[in-house]
Amino acid sequence: MTENENAESRDFVRQIIDEDQKTGKWDGRVHTRFPPEPNGYLHIGHAKSICLNFGIAEEFDGRTNLRFDDTNPEKEDTEYVESIKEDIRWLGFDWQDRLFFASDYFGQLYEWAEQLIRNDKAYVCSLPLDEIRAGRGTPSSAGTNSPHRDRTVDENLDLFRRMKAGEFPEGAHVLRAKIDMAHPHMLLRDPIMYRIRHVEHHRTGSEWCIYPTYDYTHGQSDALEGITHSICTLEFENHRPLYDWYCETLGIHHPQQIEFNRLNLTYTVMSKRRLLELVNEGHVGGWDDPRMPTLRGLRRRGYTPAAIRNLCTHVGVTKHNAVADMVLLENSIREDLNRTAPRRMAVLNPIKVVLTNYPEDQEDLLDAVNNPEDEGAGTRSVPFSRELWIERDDFMEDPPKKFFRLAPGREVRLRYAYFIRCEEVIKDEDGNITELHCTVDPDTRGGNAPDGRKVKATLHWVSARHAVPAEVRLYDHLFAVEDPDEVEEESKDWKSNLNPDSLHVVETAWLEPSLSDSQSGERYQFERLGYFCVDADSSNDQLVFNRTVTLRDSWARARRK
RNA sequence: AACCCGGUAGUGUAAUUGGUAGCACAACAGAUUUUGGUUCUGUUAGUUCAGGUUCAAGUCCUGGCCGGGUUACCA
């Protein structure tokens, strides 16, 4: 049964590999790679690719290489290399000793370029950039041959070697593959293989002043590493003929490139360029801002690796562009944290409750269950006294029909404590409610009435005398609309859709005292409110919590209607 | 009017490769509940269109429509 279910849910990539295994195409070998460019931080879209590549290798008893695609020194940096490694490990994957860099292959790539020149498959073109562009033609009309297309092998070799030797300024020459300027595929109209860049590379320093392009590098890197299945996103579909051309023309190992749909989520953006823009323009606090879809942002927000991996398997792998609903991610973390997060009580928007029949100097310690989903999590003691904080939203002076919580004359249960009844509403001169005077029924200790009477609501609370203050940061979607690209006026751009309320800071929330020494990274459920984690900014003097996600709230949903 | 790719409930996906259109999330209704949480049950809702082949088409063929990508010395 399980076997059957698995067979039925196999995505098209796995089906291709199943078939390859059946026919023995790669002698039973499965070798994938994850090839990030070290020019930014990883986001949840990369997580999908990581899960796919590493996941497939695990399933087929194969291997996955981590290879940095570092062929553009102007944008790349070791800072990114380290962060990417850290994020992949955090996600739960291991490349063991197979850490590679495309820049490791610059020597071999250069040799191959000379080979292509000798075989009349490449030439040095000395046209300026704009003329190369113009010569390429348009999608519907053929390009024209470069005047340098018929240079002799010796001339090409000489020029290419002098390019490498640094004799020319940037832009003076490029090396182009000699394919077909009339090809219906724009990409095959004599694509550029090498350009001159007099810049330091983060790994090779000043060793090179000519750098290979992505297309001239990627397939050959795969070939050198013995990759079998080169899995990439849909936008490289157009590049596959070129990938194939280089491998075939060079006569080297030829992996199969397979393209899948990248992950998109509602209410956010997923391109490195845009994320960089948000950081640079100060719309967020940084790459690790808890509102960012980066792995660092999600981590700081309180997301677990398991929740992210779970989302990646649930969104599926296909060949058509899709936008997954953000609630999928939210449900994924709720599911994980519901099982694992200890429960605590915290009041974010407090109103004072005074128990008029409870002695001033009396205190009580009540047992509270740490996690109803996990008996092993045990219990803790929560102090109780005459004055308490409860949530302002949990009281209404003039409640509508379906409001079950506290109201004048009404009785509710305080979680793990007592039944209380609201006797009097205290207001200031302006009519604002400042306190609720209630009576407590001492016979209901623990939360049950001996006479069997029921209440319709259970509220969380914190003893005012024992409460610990904390800053709590409440996050909402980064963008106010599902699709940030959908703008009302033409003059506006995607950033006009940023959600102005994506961060709401509660300066003073009241926590139960057991939270007083909580440490950065710890995750809790604040009962009835949501899941929260201790922020990196938190200290024993000033506790700071991030709201990872709210609980599902069917009352809020009902009230909206 | 170029080339490549795609189109299955609101969303994301599956359909043993031509044989009963299923799953998850969302929505809605109900049960349970010391979290209006969790859990459980049920309901609504789908093959882009037109032809063709076939006993039988989401699946194969032809054409249309719609969407995405491609005119970087980025990846």
Side-chain angles (χ1 to χ4, degrees), chain A residues 4-5 7-11 15 35-37 39 69-72 74-76 125 128-129 132-134 136-143 170-171 173-176 183-189 191-197 210-211 213-215 217-218 232-241 259 261 266 272-273 314-328 330-332 334-335 338-339 343 345 368-369 372-373 402-405 413-417 419 446-448 454-460 482 525-530 550-559:
Chain A
N4 194 23
E5 274 171 15
E8 277 177 339
S9 67
R10 291 184 88 64
D11 58 70
Q15 284 176 29
E37 183 188 10
N39 70 343
D69 227 327
D70 54 351
T71 59
N72 185 4
E74 285 167 301
K75 292 185 182 170
E76 297 153 5
C125 178
L129 173 59
I132 289 183
R133 275 189 192 154
R136 205 162 358 234
T138 69
S140 50
S141 65
E170 292 187 8
H173 308 281
V174 292
L175 185 70
R176 301 176 72 174
H183 200 104
H185 253 99
M186 295 295 293
L187 233 42
L188 300 207
R189 320 242 261 229
I192 309 250
M193 294 166 56
Y194 272 93
R195 70 276 206 188
I196 299 170
R197 280 295 109 91
I210 56 172
Y211 291 96
T213 57
Y214 165 85
D215 285 307
T217 306
H218 201 89
C232 60
T233 45
L234 250 26
E235 65 268 30
F236 292 100
E237 221 158 12
N238 283 302
H239 295 245
R240 179 157 23 97
E259 311 86 12
N261 64 339
T266 55
K272 279 195 229 174
R273 203 201 85 237
H314 277 275
V315 290
V317 177
T318 67
K319 284 181 77 79
H320 49 266
N321 304 304
V323 185
D325 202 321
M326 182 64 90
V327 301
L328 246 49
E330 294 171 352
N331 284 333
S332 188
R334 286 190 184 112
E335 188 187 326
N338 178 49
R339 279 187 359 254
R343 314 291 133 120
M345 291 196 285
V369 173
E373 307 295 320
K402 286 189 176 163
F403 184 86
F404 305 145
R405 283 110 97 145
R413 170 166 43 230
L414 295 179
R415 182 106 157 127
Y416 300 123
F419 285 12
N448 285 304
K454 303 287 183 200
V455 289
K456 293 194 85 170
T458 301
L459 311 186
H460 62 275
E482 284 196 10
Q525 182 196 107
F526 290 172
E527 296 222 23
R528 304 208 304 136
L529 296 175
T550 62
L551 255 29
R552 271 201 200 85
D553 188 347
S554 48
W555 163 241
R557 216 184 306 141
R559 206 173 37 181

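Below, chains carry the letters A, B, ... as their sequence lines are ordered, and counting in each starts from 1. Just so it is clear, the model here is predicted, and its values are computed rather than measured.
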Are there any protein N/O atoms within less than 3.5 Å of an N/O atom in nucleotides 63-66 of chain B, and if so, which ones and at what distance?
none

So which protein N/O to nucleotides 41-47 of chain B N/O distances come out below 3.5 Å?
none

All N/O contacts under 3.5 Å from nucleotides 6-9 of chain B to the protein, with atom names and distances to one decimal?
none

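The aromatic rings of A:F236 and A:Y214 sit tilted relative to each other, their planes meeting at an angle between 30° and 60°.
A donor and an acceptor atom sit less than 3.5 Å apart, one in the side chain of A:R343 and one in the base of B:U35. A donor and an acceptor atom never sit less than 3.5 Å apart when one is taken from the side chain of A:R528 and the other from the base of B:G36.
Using a 4.0 Å cut-off between a side-chain N of Lys or Arg and a carboxylate O of Asp or Glu, A:K75 and A:E37 do not qualify as a salt bridge.
With sequence neighbours left out, the side-chain contact (heavy atoms from CB on, under 4.5 Å) criterion links A:L328 to A:L311, A:V315, A:A324. Legend: residues meeting side-chain contact (heavy atoms from CB on, under 4.5 Å) with A:A142, ordered by chain and number and at least two apart, are A:A182.
Within the structure, every side-chain polar atom (N or O) of A:R415 is placed at least 4.0 Å from both OP1 and OP2 of B:U33. A sub-4.0 Å separation between OP1 or OP2 of B:A15 and a side-chain N or O of A:Q15 is present. Listed pair A:N331 / B:A24 fails the phosphate criterion, with no side-chain N or O lying under 4.0 Å from OP1 or OP2.
Base contact: A:V174 has a heavy atom under 4.0 Å from a base atom.
Residue ring and base: A:W555 counts as stacked with B:G36 (centre distance below 5.5 Å, interplanar angle below 30°).
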(request) Both distances under 3.5 Å, Watson-Crick or G-U wobble: on that basis, could you give the dot-bracket string for RNA chain B, with [ ] for crossing pairs and | for other-strand partners? (result) .((((((..((((.....[..)))).(((((.......)))))....(((((..]....))))))))))).....
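Donor-acceptor pairing under 3.5 Å is lacking for the side chains of A:T458 and A:R415.
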